[in-house]
Number of protein chains: 2
Amino acid sequence: MVIATCEVDYAGRLSAHLPKATRLLMVKADGSVLVHSDGGSYKPLNWMSPPCTLIERDGEWTVKNKAGETLVIRIEEILSDSTHHLGVDPGLMKDGVEAHLQALLADHLDVIGAGLRLVRREYPTPIGPVDILAREDVGTVAIEVKRVVEISAVEQLTRYLDLLNRSSKIAPVRGVLAGNVVKPQAKTLAEDRGITCVTTDYDELRGLTDPTARLF
Amino acid sequence: MVIATCEVDYAGRLSAHLPKATRLLMVKADGSVLVHSDGGSYKPLNWMSPPCTLIERDGEWTVKNKAGETLVIRIEEILSDSTHHLGVDPGLMKDGVEAHLQALLADHLDVIGAGLRLVRREYPTPIGPVDILAREDVGTVAIEVKRVVEISAVEQLTRYLDLLNRSSKIAPVRGVLAGNVVKPQAKTLAEDRGITCVTTDYDELRGLTDPTARLF
DNA sequence: GCATCAATGTCGCCT
DNA sequence: AGGCGACGTTGATGC
C-alpha cells in the first residue's frame, strides 16, 4: 500500500494517461497493481490484472503482463508505504440471481400462462440450453429468463426458436421472455417476432414458493 | 484504510456473505467502501458505491445507499488503521476506443473500399444509429465499427440492413463490419449473410490522419 | 431521469 | 484455450 504523488500511463488494448496527482497504489500478493483515487466507484483509475510482473527502478514502476500490456507509474513523492500480510480468503457466497429466478418460474408456470406443463429446465440444444421448456395443449413453449430483458435476449430466444421449430418432435414452439425488467426496445422487437414478454416479480414469486420467506 | 479481521454481508440486488478473514477495507472521501482481499483482480470482494452513508458502532460498520442496499462489516480485530488525504484527481485520458476508430474510419473510407462517399456518422434509424453510412456508385454501405467484432455485431448490423433495405430511398444497402479484431465465428456468420469484414489497424489509421502523432 | 451502448469490462461455466 | 452469457456489471452519452 503506497500513497504517492505519481503519473501513470497504460498501453495495451488502448492507451491511457493519468496526469500527476496524489493517489493510492495497491500491490496485491499476486503481483497485480491497482491505482485508486479518493472517489469514484470501486473501479481503479488504472490497473494491471494478474498474472503480471512488477519492476521497480529509479522511482518508476513498470508492470507488464503476458500479452505485452504495460503500466508505467512514475513516482514523484512517496507519502506513505506499508505492507500487510492478509492470508488466504475463504470464498464468497452469493444467492438470488438468474438461476434462482429460473427455478422459481419453473415452479410457477401459471405466471407465464395457464395449462403449461414443465418439460425441463436447461433444455439442451446444439446452440445452448433453453432456460425452461414447457408443453401446452398444442405445441411447446420455450422460455428465456433474464433479470433484465434486452434486445440480446430476443436474439438469443429467436435462435432457439428457429432451431426448435425445425425439429418436428416438439414443434410448433412459441417463445416467451420473462424478466423483472423488460426494456422497451426489446419488447418491440420481441412482439415483431411473435414473442411474448412477461414481467415477473421476484419477491412475489419467492413469496408464492415460501410464504414465510421475508427479507430479514 | 483499515486492515482488519472481519466478516461481511451484503443485501441488495442479491445476497452475499463473506466468512471471517483478514481483509483490506478502504473508505473513500465520497463515503464509498471497498472490501479487498490480497488477490483476484481489481474488483473488490464486496463494496458499496457512492452516494452512501457509513455508520460505525460497536465494531460494526453499516453502509447504506438510497436504494436500500446494505453492507454490514463485523470487525473482529483491527490490525492497522490509517487516513490519507489525496486531493482532487485530474481526469483520465483515453485513446483507442470505438469512438476514435469510428472517426478515423470516416476520414479514410478508402480503407473499406474504393469510391465510397461519407453520408454521415451515427445515421439514425428507429432501432438505433448506424455507425457510418456511405454511398457508392450503386447503392449504399452501412458500416458497423467495433473494437472487437463478435457475433453480436453481426446481428446488430443484420437488423440495420433488414430495416434499411425496406426503405427504397437508399436501397440497396450492403453491410461492412470493421474492427481491430474480427473473431472467427463472427467472420463466418457475417460472410454467410453477405456482410464483408475488414480488419483495421488503429495505429496505421491514426498515422494516415496525423503522420506526426506518436505515442507520448 | 431514463434508455441505450461501450468496456483495458471481469467472472465463471462449458466444450 | 476459446466461446458464451451473466454481472450487485459500471460508466458515458443522448434525449
Side-chain angles (χ1 to χ4, degrees), chain A residues 8-17 32-35 40-50 52 63 65-71 91-92 94-102 122 124 126-129 131 144-153 155-157 159 179 181-188, chain B residues 9-16 32 35 40-50 52 63 65 67-71 91-92 94-102 122 124 127-129 131 144-148 150-153 156 179-181 183-186 188-189:
Chain A
V8 185
D9 280 290
Y10 163 77
R13 281 164 287 188
L14 56 63
S15 303
H17 173 72
S32 56
V33 178
L34 288 70
V35 181
S41 69
Y42 68 71
K43 195 174 178 177
L45 296 166
N46 266 332
W47 70 93
M48 185 64 72
S49 300
C52 61
V63 194
N65 71 1
K66 284 288 197 217
E69 300 171 59
T70 60
L71 188 70
L92 175 67
K94 288 186 179 182
D95 168 46
V97 278
E98 183 191 309
H100 203 167
L101 181 58
Q102 186 195 115
E122 302 287 347
I127 56 171
D131 285 347
E144 177 65 29
V145 181
K146 286 269 182 294
R147 208 170 55 78
V148 179
V149 174
E150 298 184 344
I151 281 183
S152 60
E155 300 289 6
Q156 187 181 352
L157 183 53
R159 288 198 296 275
V181 177
V182 178
K183 292 294 180 75
Q185 290 207 353
K187 190 177 175 70
T188 303
Chain B
D9 279 289
Y10 162 77
R13 279 167 285 188
L14 57 66
S15 303
S32 56
V35 181
S41 71
Y42 67 71
K43 196 175 180 177
L45 295 166
N46 267 338
W47 71 95
M48 185 64 72
S49 301
C52 61
V63 196
N65 71 1
E69 300 171 58
T70 60
L71 189 69
L92 176 66
K94 290 184 180 184
D95 174 38
V97 292
E98 183 190 308
H100 297 162
L101 182 56
Q102 187 196 117
E122 302 288 344
I127 54 172
D131 284 347
E144 178 65 30
V145 181
K146 284 270 181 289
R147 220 163 42 77
V148 180
E150 299 183 343
I151 280 184
S152 60
Q156 188 181 351
N180 293 334
V181 177
K183 293 292 179 77
Q185 290 206 352
T188 304
L189 182 62

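Numbers restart at 1 for each chain; the letters A, B, ... are given by sequence-line order, proteins then strands.
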Close N/O contacts between protein and nucleotides 4-6 of chain C (under 3.5 Å):
{"from": "dT4(C)", "atom 1": "OP1", "to": "Gln185(A)", "atom 2": "N", "distance (Å)": "3.2"}
{"from": "dA6(C)", "atom 1": "OP1", "to": "Lys146(B)", "atom 2": "NZ", "distance (Å)": "2.8"}

Nearest-angstrom distance from the residue atom [atom1] of [X] to [atom2] of [N]:
| X | N | atom1 | atom2 | answer |
| --- | --- | --- | --- | --- |
| Leu45(A) | dA12(D) | CG | P | 11 Å |
| Gln102(B) | dA12(D) | CD | P | 19 Å |
| Leu92(A) | dA6(D) | CG | C1' | 15 Å |
| His100(B) | dA7(C) | NE2 | C1' | 14 Å |
| Lys66(A) | dA1(D) | NZ | C1' | 15 Å |
| Tyr42(A) | dA7(C) | OH | P | 16 Å |
| Leu71(A) | dT8(C) | CG | P | 13 Å |
| Asp9(B) | dG8(D) | CG | C1' | 14 Å |

Working to the nearest 0.5 angstrom, can you tell me the gap between [X] [atom1] and [Y] [atom2]?
| X | Y | atom1 | atom2 | result |
| --- | --- | --- | --- | --- |
| Ile151(A) | Gln185(A) | CD1 | CD | 4.5 Å |
| Asn180(B) | Lys146(B) | CG | NZ | 12.5 Å |
| Ser32(B) | Tyr42(A) | OG | OH | 12.5 Å |

Is any side-chain heavy atom of [Y] closer than 4.5 Å to one of [X]?
| X | Y | value |
| --- | --- | --- |
| His100(B) | Leu14(A) | no |
| Lys183(A) | Val149(A) | no |
| Leu45(A) | Val8(A) | no |

- Task: Determine: side-chain N/O of Arg159(A) to OP1/OP2 of dG5(D), distance under 4.0 Å, yes or no.
- Result: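 Answer yes for this pair, as a side-chain N or O of Arg159(A) is under 4.0 Å from OP1 or OP2.
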- Between Arg13(B) and dT10(D), is there a side-chain N or O to OP1/OP2 distance below 4.0 Å?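 For dT10(D), OP1 or OP2 has a side-chain N or O of Arg13(B) closer than 4.0 Å.
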- Query: Which of these nucleotides, dT10(C), dT8(C), dG8(D), is closest to any side-chain atom of Asn46(A)?
  - Reply: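 That would be dT8(C).
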- Message: Using the C1' atom as the point on both nucleotides, what is the distance between dT10(D) and dA6(D), in whole Å?
- Response: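 Their C1' atoms lie roughly 14 Å apart.
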- Distance between C1' atoms of dA6(C) and dT10(C) (Å, rounded):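 It works out to 14 Å between them.
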- Starting from the 5' end of DNA chain D, give me the residue, Glu69(B) or Lys43(A), whose nearest nucleotide shows up first.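 In this pair, the answer is Glu69(B).
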- Which part of the nucleic acid, if any, lies within contact of Met48(B), taking any heavy atom under 4.0 Å across all strands shown: a base, the sugar-phosphate backbone alone, or nothing?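 Since a base atom lies under 4.0 Å of Met48(B), the category is base.
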- Taking the side chain from Ser15(A) and the backbone from Ala11(A), do they hold a donor-acceptor pair closer than 3.5 Å?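 Flag not set: sc Ser15(A) to bb Ala11(A) has no pair under 3.5 Å.
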